[in-house]
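In what follows, a structure is listed as structure tokens, so that the remarks can point back to it.
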Amino acid sequence: MDSELNLIDISPYLAMSGECDQQMTALCYEVSQNLREKGALLLKDPRCTLEDNDRFVAMVEKYFSSSLEFKLLHQRPQLHYQVGVTPEGIEVPRSLVDKKMKEEMKKLSKENRPSAPLGADLKWRYFWRPNSCSQPVIPEGFPEWEETMNSWGQKMMAAIEVVAEMTAIGFNLPKDSFTSLMKQGPHLLAPTGSDLEKYGKEGTVLAGYHYDLNFLTIHGRSNYPGLNVWLRNGKKIPAKVPFGCLLVQTGKQMEWLTGGECIASMHDLVVTNQTIDAISEAQDQKRCFWRVSSTLFAHIASDQILKPLGYFERSPLAIKYPPIIAEEYVEEELKVIHVKANK
């Protein structure tokens with residue numbers, strides 16, 4: 001296994017008419033094997049442009065740069081922060097409270113060991129459900145908010161659906177094996193904001209070592225470096241997303257559906273020396289000091305049952321993934337990572 005994330009251009013798949021030929025099947029296999037062996041891949045989708053990402057990041061930068069009092073108007077703790085803004089100090093990294101994960105961290109070599117979080121995450125987050133019927137939280141003074149959030153959310157969702165379809169084909173499953181379970185899922189566009197003027201010291205853990213509880217996660221390029229991902233072999237690498245590309249990571253629901261064939265991608269967000277260099281450059285250019293991610297969590301629909309699909313149910317590891325309703329699984333995970341919110 002090489003130590004870099006592979007870049008896959010899905011343009012040929014998007015242009016395909018009819019069934020997959022041998023060449024297209026090979027491309028789908030490459031997608032599935034990257035998610036199986038590395039838990040992550042870089043993606044080029046011509047429908048998701050650099051301009052789209054930059055427009056989104058610029059708007060969210062402006063929001064997170066607003067006053068504390070203004071941002072707190074948009075928190076909804078009574079809804080478990082699943083809509084609107086989640087302030088820093090609320091979301092607890094699983095590695096802080098999960099004894100098994102702590103033991104696994106200790107087994108990693110020194111150069112691959114994640115920085116131990118000292119408490120709840122220092123990052124903020126804003127949850128938005130693209131084109132949802134639920135009541136959205138829209139900040140005043142951002143007339144472009146709804147259109148920008150929905151547009152970028154739709155485009156990244158379309159990209160993740162293609163990845164899900166190609167992954168199924170690559171695993172020799174019916175191509176709608178995953179996408180049929182995603183329909184009407186509680187997908188969340190969830191940009192994060194980290195105040196590097198306040199927390200810009202090298203080594204500061206902005207988001208502790210964790211996996212995502214959902215099916216697949218997709219990110220556009222951030223305005224600052226700092227995201228690290230761990231390959232299946234335990235090697236830690238910085239997530240370097242080229243301009244105009246996306247990063248896709250496996251979540252725990254994918255691990256469940258493949259009976260452990262794919263493992264949820266571990267990652268953290270830490271101020272590195274590259275982050276420090278980017279802060280210095282931003283100072284010279286008088287740019288914003290908030291690190292913003294453009295992240296979308298794609299979920300399996302709440303009423304679907306998570307269980308190993310097809311031949312994955314015969315995997316020796318399948319016993320570790322008993323059937324559970326997706327909504328119940330998500331609720332169990334949220335109880336862990338929102339410990340402070342539930343006190």
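The figures here come from the full heavy-atom set of this structure, side chains too, leaving out hydrogens, waters and symmetry mates. For this chain, numbers begin at 1 and follow the sequence in order.
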- Message: Quick check on the 6.0 Å ring-centre criterion: do Phe297 and Phe215 meet it?
- Response: no

- Look at the rings of Trp290 and Trp124 and say which category their plane angle falls in: under 30° parallel, 30 to 60° tilted, over 60° perpendicular. perpendicular

- Query: Parallel, tilted or perpendicular: which fits the ring planes of His74 and Tyr126, with parallel below 30° and perpendicular above 60°?
  - Reply: tilted

Strictly below 4.0 Å, N to O, side chains only: are [X] and [Y] in salt-bridge contact?
X      : Y      : result
Glu333 : Arg94  : yes
Lys107 : Glu104 : no
Glu88  : Lys198 : yes
Lys155 : Asp52  : yes
Glu4   : Lys38  : no
Glu91  : Lys123 : yes

Can the positive tip of [X] be found less than 6.0 Å from the middle of the six-membered ring of [Y], inside 45° of the ring normal?
X      : Y      : value
Lys62  : Phe142 : yes
Arg76  : Tyr81  : no
Lys235 : Trp230 : no

- Query: Side chains of Glu61 and Asn223: donor-acceptor distance under 3.5 Å anywhere?
  - Reply: yes

- Do Asp121 and His210 have side-chain N/O donor and acceptor atoms under 3.5 Å apart? no

- Determine, stepwise, if the pair Asp45 / Arg47 fulfils salt bridge (Lys or Arg N to Asp or Glu O under 4.0 Å). CA-CA 5 Å; Asp45 183 335; Arg47 300 170 300 177; 2.7 Å; yes

- Go through the steps to decide whether Lys175 and Glu19 satisfy the test salt bridge (Lys or Arg N to Asp or Glu O under 4.0 Å), and finish with yes or no. CA-CA 11 Å; Lys175 72 177 184 178; Glu19 295 300 311; 5.1 Å; no

- Of the options Leu5, Leu7, Ile8, which is the one that meets Asn34 in a side chain to side chain contact (heavy atoms under 4.5 Å, CB included)? Ile8

- Message: salt bridge (Lys or Arg N to Asp or Glu O under 4.0 Å) for Lys335 and Glu332? Distances and angles first, verdict last.
- Response: CA-CA 5 Å; Lys335 287 177 184 176; Glu332 287 180 10; over 6 Å; no

- Task: Could you check Cys20 against Tyr13 for side chain to side chain contact (heavy atoms under 4.5 Å, CB included), going step by step and ending with a plain yes or no?
- Result: CA-CA 8 Å; Cys20 287; Tyr13 187 86; 4.1 Å; yes

- Query: Would Lys307 and Tyr321 count as a side chain to side chain contact (heavy atoms under 4.5 Å, CB included) if you check the C-alpha gap in whole Å, the side-chain angles of each, and the deciding distance to 0.1 Å?
  - Reply: CA-CA 6 Å; Lys307 62 180 180 178; Tyr321 304 97; over 6 Å; no

